[in-house]
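The sequence lines fix the lettering, A, B, ..., with proteins before strands; numbering per chain opens at 1. Here the structure is a predicted model, which is why all the values come from computation and not from measurement.
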Amino acid sequence: MERSYDPSSLEKKWHEQWQDAGLYRTPDSEKERENFMLLTEFPYPSGNLHIGHWYAFALPDMLARYLRMTGRNVLYPIGFDAFGLPAENAAIQRGVHPEAWTRENIATMTEQLRSMGASFDWSRAVSTIDPAYYRWTQWMFLRFFEKGLAYRARTTVNWCPKDKTVLANEQVVDGACDRCGTAVQQQEREQWMLKTTAYAAELASDLQGLDYPESTKAAQRNWIGPSEGAEIIFRLNVPGQDDGKHSVAVFTTRPDTLFGCTYLAVSPELAKKWMDVGWEAPDAVRAYVDDALSRRELERLEREKTGVDSGVAAINPVNGGKVPVWVADYVLGSYGTGAIMAVPAHDERDFEFAEKFGLPVRQVIEPAGGDDSSGGSVYAGEGVLTNSGPYDGLDSAQARTKITAELASKGHGSARTTYRLRDWILSRQRYWGCPIPLISCKECGFVPVPDEQLPVELPPLDDFRPADDGRSPLAKAAGWVKAACPKCGGDAERETDTMDTFVDSSWYFLRYADPDNGGRFAGEDKIGAWLPVPMYVGGAEHNTMHLLYSRFWTRALNGLGLVPFAEPYLARRNHGVILGPDGQKMSKSRGNVIDPDEQVAKYGADTVRMYLAFMAPYEQGGPWDPKGITGVHRFLKRFWAFVHDRWESADGADSEDAAKAVHRANRDIGDDLANLRFNTAVSSAMIMLNALETETKVSRDLLRRMVRILAPMAPHMAEELWRGTLGEHESVHVQKWPEPEEDILREDEYELPVQVNGKLRGRIVVGRTDDERTAVAKALQSPDILRIIGEQSPKKTVFVAGRMLNILVDESH
RNA sequence: GGGCGAGUGGUGGAACUGGUAUACACGGGGGACUUAAAAUCCCCUGCCCGCAAGGGCAUGUCGGUUCGAUUCCGACCUCGCCCACCA
């Protein structure tokens with residue numbers, strides 16, 4: 001008796017069944033099965049699962065299931081990246097404790113994630129807010145601290161003068177506090193930093209060996225931004241001080257233009273440093289620096305170039321020429337040395353500045369061949385040196401080498417590669433993050449909390465706003481802050497900053513290998529069994545920061561001998577974004593949000609999974625089409641009905657076409673899933689069913705095969721058919737992926753398209769092993785072809801076995 | 001300004017390594033079933049000419065290589081994403 005397809009009851013039934021049976025619990029090793037951790041980016045527990053989560057998890061789940069069926073011991077882990085600002089906002093707005101809010105969200109989302117029917121191993125679920133997890137975050141931090149990779153430095157933070165609070169970057173909207181609208185200022189403070197730049201060169205060069213999309217590699221390279229050039233030292237004449245007593249280093253990629261330098265420009269940040277060490281700067285300079293430093297970087301970028309003459313003069317080391325030193329905020333304090341040699345003739349920015357302030361422009365490069373010089377008065381390209389004394393006539397590349405070498409020999413500079421990458425500012429003045437396990441002692445400085453006292457747990461607190469002095473809310477937990485110095489035993493204070501949440505996600509994949517280990521972040525044997533990650537699937541928005549931080553973190557651990565590999569992820573694939581039906585990003589305010597729970601209620605999880613797979617290439621994504629999903633739903637209903645109908649009536653035999661249709665789908669779906677081509681995998685299944693529905697002879701063997709190859713895509717329906725209709729006892733998800741049989745797929749005869757002069761003119765039936773001569777002979781008997789070529793005999797023929805035959809004749813008139 | 005990528009029917013898209021362009025699906029048209037609707041099923045559906053057979057045109061534009069180009073090369077146009085006063 002045929003039952004109608006009722007996804008809601010059968011899906012629920014199997015979720016419970018799978019869970020009770022521990023179907024997706026993954027052992028650390030299995031006989032004759034290769035371990036494979038298929039990693040996806042663990043979610044932030046916002047409290048509600050959206051369609052993007054389905055895209056991120058349900059589709060890789062198809063790959064996980066396929067890999068399992070083809071003999072791998074697949075770990076498909078899940079967890080929660082659960083520290084972060086929204087929990088604090090909820091606490092402040094609604095009076096819920098951040099932890100309570102977060103834990104509740106985790107509970108809700110766990111249920112929603114289960115409804116997806118993904119093959120997560122929940123027994124290994126990791127949550128970054130568990131002290132048992134962040135204990136190891138702290139432990140790793142201390143190892144970095146001991147090695148000098150974690151250090152303290154002054155940097156600026158966003159400061160709201162009205163709320164008297166430090167703001168995270170995402171709390172600054174158009175330069176204003178997102179709560180009160182007050183203009184945000186910059187404030188300097190001491191922060192903990194991680195020395196990511198120590199690994200900049202390796203992080204850039206080692207990309208080569210990784211199986212990442214080209215765009216991801218480019219994003220990484222771009223972010224690290226290696227730039228080759230030279231550091232050049234200029235002696236300074238500072239009024240009121242001995243000439244040449246001080247000096248400044250500048251970074252340039254164009255030492256060949258050194259003779260064209262007509263002034264130096266230093267960043268306000270560097271000028272401030274000079275003042276701090278005793279420079280008696282003119283009032284105008286002080287005013288300018290104060291003003292520039294109070295502005296946000298974005299604002300500095302947007303306005304017209306400004307600056308002020310510092311009164312200091314610099315000596316060009318290559319010719320002894322004297323040039324003025326200006327302070328200008330178009331120079332970045334955080335890049336290179338914070339100072340530049342300005343060459344207005346060959347740099348747009350310097351030219352703009354020079355023009356505004358009447359500074360000289362001195363041309364020292366002539367475009368090679370003399371052809372160019374089109375456009376404005378600034379030639380920024382390479383060429384031949386002029387007005388450059390002994391270097392005249394050299395080309396830019398030669399001059400760079402020579403000038404740099406001669407400067408180096410006199411101690412006036414050196415070749416240098418500079419990176420755009422900055423050190424990682426780790427400190428956050430926040431409650432809901434991982435505490436930094438250090439104690440500040442007046443006598444001993446910053447002292448690590450002893451390992452055996454880890455984790456340093458977050459103290460209970462009622463008010464989660466940052467303290468009025470801009471310190472973290474933790475500063476308000478007086479009892480917690482007070483501590484004895486682990487070194488001298490004297491009165492001391494705990495560090496009150498917490499860590500950036502990117503820390504938590506920098507090593508979570510390691511914990512999946514050994515989530516319950518109480519003695520180490522993960523046992524060495526477990527790490528050896530599971531890591532590095534062979535495949536990491538995630539959103540393109542994490543191609544820069546998360547990926548880079550995580551790569552850095554792993555490299556740092558590797559440097560300490562704590563993990564036996566430098567790169568955490570051997571392969572990476574990105575997925576696209578699902579947009580609303582209007583083609584816009586989904587948002588409540590636009591009213592274009594597709595709620596996955598509603599879709600599941602209407603069509604079932606299998607339909608939602610398969611529609612997401614079908615709608616577009618995975619790396620691309622695109623708009624959700626409310627009509628489009630019906631096509632997939634119809635397919636599943638037809639598949640269901642087909643298997644039911646045919647199971648009872650099936651006798652032993654298949655028609656040849658039926659067997660071909662199934663084995664072809666068998667092969668194609670396998671290839672497609674293995675390569676994350678989910679859209680064509682679904683299409684292959686549809687083609688199979690379309691072909692079968694008109695076939696009368698379909699055997700039970702063939703039906704079994706059909707159900708198994710559908711299992712990765714529609715796990716619930718496949719299980720119900722397999723164990724219900726087909727009467728099997730073991731889950732379909734522990735079955736072997738069937739091998740498509742070559743004998744069945746091989747065609748003894750096939751239709752060969754025949755072209756005449758490159759135009760398709762007919763088809764002939766040829767044997768699989770027919771050679772060119774046979775094919776041509778057959779073609780020349782075909783009326784379709786004869787009609788075109790008439791009496792002519794072929795001038796030339798091109799034959800591609802299995803593909804086509806092209807017959808070339810003289811064009812008739 | 002730099003980097004990466006994409007332009008194929010009314011729509012989402014398919015096409016292996018240069019070899020039958022438009023698979024699969026949505027939408028549309030027609031029909032069956034039904035009192036009706038939903039659901040389901042069948043047929044048609046790139047454009048132009050033609051009753052038909054058939055022919056011509058078409059993968060952003062223009063060129064090139066080739067027996068043959070959506071695919072490779074060059075120039076251009078358009079769009080998207082990421083980065084950006086990085087010296």
Side-chain angles (χ1 to χ4, degrees), chain A residues 4 213-223 225-227 229 250-254 257 261 265 267 297 300-305 328-332 334-343 346-350 352-353 380 418-422 540-541 543-544 574 576-577 583 611 614-617 619-635 637-638 641 668 671 677 679-690 693 751-763 784 787 794-809:
Chain A
S4 68
E214 202 41 57
S215 59
T216 304
K217 289 188 186 181
Q220 292 275 300
R221 223 176 278 122
N222 219 295
W223 194 261
S227 187
V250 303
F251 174 73
T252 179
T253 54
R254 295 295 300 275
T257 63
C261 169
S267 60
E297 200 162 305
R300 277 171 58 174
L301 303 188
E302 278 166 355
R303 61 186 187 145
E304 199 190 328
K305 288 193 175 26
D329 72 356
Y330 78 93
V331 180
L332 304 175
S334 53
Y335 181 75
T337 61
I340 61 159
M341 62 174 223
V343 185
H346 304 294
D347 183 284
E348 300 259 6
R349 299 155 298 185
D350 298 343
E352 193 192 318
F353 191 86
T418 294
Y419 297 88
R420 275 161 60 173
L421 183 70
R422 305 171 188 186
E541 70 274 19
N543 275 344
T544 44
N574 298 320
V577 178
Y611 173 60
F614 184 57
M615 60 184 285
E619 60 278 13
Q620 181 185 309
W624 177 277
D625 179 358
K627 291 264 181 55
I629 190 172
T630 58
V632 171
H633 191 56
R634 274 200 276 266
F635 163 77
K637 285 194 284 191
R638 277 165 49 212
D668 293 347
D671 287 350
R677 291 191 301 252
N679 55 333
T680 48
V682 175
S683 155
S684 296
M686 289 172 166
I687 292 168
M688 167 180 73
L689 187 62
N690 289 349
E693 280 175 330
E751 270 201 341
L752 181 74
V754 181
Q755 301 175 345
V756 177
N757 290 340
K759 258 186 189 144
L760 182 68
R761 294 298 183 178
R763 290 158 219 277
D784 286 341
R787 194 168 46 76
K795 226 167 58 180
K796 182 184 174 186
T797 59
V798 181
F799 175 68
V800 182
R803 288 291 171 198
M804 59 97 231
L805 171 67
N806 192 4
I807 298 175
L808 300 170
V809 296

Dump every N/O contact between nucleotides 65-71 of chain B and the protein below 3.5 Å, one line per pair.
{"from": "C67(B)", "atom 1": "O2'", "to": "N806(A)", "atom 2": "ND2", "distance (Å)": "3.3"}
{"from": "C67(B)", "atom 1": "O2", "to": "N806(A)", "atom 2": "ND2", "distance (Å)": "2.7"}

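- Counting only heavy atoms from C-beta on, S215(A) has its side chain closest to C4(B) among C85(B), A23(B), C4(B).
- Mapping G336(A) and P753(A) onto RNA chain B via the closest heavy atom, the residue that lands nearer the 5' end is P753(A).
- Among the atoms of the strands shown, none is found under 4.0 Å from any heavy atom of D671(A).
- Other residues, nucleotides and ligands place more than 12 heavy atoms under 6.0 Å from the CD atom of E541(A).
- Backbone-only engagement by K759(A) is indicated by non-hydrogen atom pairs under 4.0 Å involving sugar-phosphate atoms exclusively.
- Between N690(A) and the phosphate of A25(B), there is a side-chain N or O to OP1/OP2 separation shorter than 4.0 Å.
- With a cut-off of 3.5 Å on both Watson-Crick or G-U wobble distances, the partner of A52(B) is given as none.
- When Watson-Crick and G-U wobble pairs are counted only if both distances are under 3.5 Å, G27(B) pairs with U45(B).
- D329(A) comes within contact range of no nucleotide atom at all, as no heavy-atom separation falls under 4.0 Å.
- K627(A) has its NZ atom 18 Å from the P atom of G10(B), to the nearest Å.
- Using a 4.0 Å heavy-atom cutoff across all strands shown, A218(A) reaches sugar-phosphate atoms only and no base atom.
- Rounded to the nearest Å, the gap between the C1' atom of U59(B) and that of A23(B) is 15 Å.
- When the P atom is compared between C62(B) and C67(B), the two are found 23 Å apart, to the nearest whole Å.
- Across all strands shown, C62(B) is found opposite G74(B) as a Watson-Crick or G-U wobble partner, with both distances under 3.5 Å.
- Considering only residues two or more places apart in sequence or on other chains, T797(A) meets the side-chain hydrogen bond (donor to acceptor under 3.5 Å, both in side chains) condition with E772(A).
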Considering only nitrogen or oxygen atoms on both sides, find all protein atoms under 3.5 Å from nucleotides 53-55 of chain B and state each distance.
{"from": "G55(B)", "atom 1": "OP1", "to": "R787(A)", "atom 2": "NH2", "distance (Å)": "3.4"}

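- Pairing for U40(B) is with A32(B), a Watson-Crick or G-U wobble pair whose two hydrogen-bonding atom distances lie under 3.5 Å.
- N574(A) and T216(A) are linked by a side-chain donor-acceptor pair at a separation below 3.5 angstrom, with hydrogens and angles left out of the test.
- Annotation: side-chain hydrogen bond (donor to acceptor under 3.5 Å, both in side chains) contacts of R763(A) (sequence neighbours excluded): none.
- Remark: P of C83(B) and CZ of R422(A) are 13 Å apart, rounded to the nearest angstrom.
- For the side chain to side chain contact (heavy atoms under 4.5 Å, CB included) test, residues two or more places apart in sequence or in another chain that qualify with L689(A) are F635(A), R638(A), F639(A), F642(A), E693(A), M706(A).
- The side chain of Y335(A) approaches A87(B) more closely than any other nucleotide in the set C26(B), A87(B), G5(B).
- Applying the side chain to side chain contact (heavy atoms under 4.5 Å, CB included) criterion to T418(A), with sequence neighbours excluded, gives F251(A), Y335(A), R416(A).
- If you check U20(B), C83(B), G19(B) against the side chain of V800(A), the one that comes closest is G19(B).
- Taking the P atom of each, G10(B) and G3(B) are spaced 35 Å apart, rounded to whole Å.
- For A14(B) and G7(B), the C1' atoms lie 16 Å apart once the distance is rounded to whole Å.
- Across the strands present, G19(B) finds its partner in C67(B); the criterion is a Watson-Crick or G-U wobble pair with both atom distances under 3.5 angstrom.
- At least one side-chain heavy atom of F799(A) sits under 4.5 Å from a side-chain heavy atom of L752(A).
- Taking the side-chain hydrogen bond (donor to acceptor under 3.5 Å, both in side chains) definition, one finds that K795(A) meets it with D810(A), sequence neighbours left out.
- Between I629(A) atom CD1 and C26(B) atom P there is a gap of 12 Å when expressed in whole angstrom units.
- Toward the 5' end of RNA chain B, the nearer of the two residues K305(A) and R763(A), judged by each one's closest nucleotide, is R763(A).
- When both distances must be under 3.5 Å, the Watson-Crick or G-U wobble mate of C4(B) is G80(B).
- Listed by chain and number, the residues in a side chain to side chain contact (heavy atoms under 4.5 Å, CB included) with M615(A) are I578(A), Y611(A), L612(A) (sequence neighbours excluded).
- The interatomic distance linking D347(A) (CG) with G1(B) (P) rounds to 15 Å, in whole Å.
- You'll find that the side chain of A616(A) is closest to G12(B), out of C85(B), G12(B), U20(B).
- Scanning all heavy atoms of the two residues, the minimum distance from A342(A) to D350(A) falls at CA-OD2, 3.3 Å.
- Looking at heavy-atom distances under 4.0 Å, S683(A) makes contact with a base.
- Every residue two or more places apart in sequence or in another chain was checked for a side-chain hydrogen bond (donor to acceptor under 3.5 Å, both in side chains) with Q755(A), and none qualifies.
- Considering only side-chain atoms of N222(A), the nucleotide from A87(B), U20(B), G3(B) that sits closest is G3(B).
- Among the heavy atoms of the strands, none lies under 4.0 Å from V754(A).
- Considering every non-hydrogen atom in both P794(A) and V809(A), the closest pair reads CA-CG1, 4.0 Å.
- Distances shown here put a side-chain N or O of S227(A) below 4.0 Å from the OP1 or OP2 atom of A87(B).
- To the nearest angstrom, C1' of A25(B) lies 14 Å from CG of L689(A).
- Using a 4.0 Å heavy-atom distance criterion, P213(A) is classed as making no nucleic acid contact.
- In this structure, G9(B) shows a glycosidic angle within 90 degrees of zero, which is the syn conformation.
- When the nucleotides U20(B), A15(B), A87(B) are ranked by their closest atom to the side chain of F251(A), A87(B) comes out on top.
- With contacts defined as side-chain heavy-atom distances shorter than 4.5 Å, the pair I807(A)/L805(A) qualifies.
- Residues satisfying the side chain to side chain contact (heavy atoms under 4.5 Å, CB included) test with E619(A), not counting sequence neighbours, are P617(A).
- As rounded to whole Å, 6 Å separates atom P of C83(B) from atom CH2 of W223(A).
- Rounded to an integer number of Å, the gap from NZ of K217(A) to P of G5(B) is 12 Å.
- In this structure, CG of L760(A) is placed 21 Å from P of A15(B), rounded to the nearest angstrom.
- Considering only residues two or more places apart in sequence or on other chains, Y330(A) meets the ring-ring contact (aromatic ring centres under 6.0 Å, His included) condition with F353(A).
- Nucleotides C48(B) and G9(B), compared at atom C1', are 15 Å apart to the nearest Å.
- Across all strands shown, C85(B) forms no Watson-Crick or G-U wobble pair with both distances under 3.5 Å.
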Can you tabulate the close N/O pairs, meaning under 3.5 Å, that link protein atoms to atoms of nucleotides 38-42 of chain B?
{"from": "U40(B)", "atom 1": "OP1", "to": "K637(A)", "atom 2": "NZ", "distance (Å)": "3.4"}

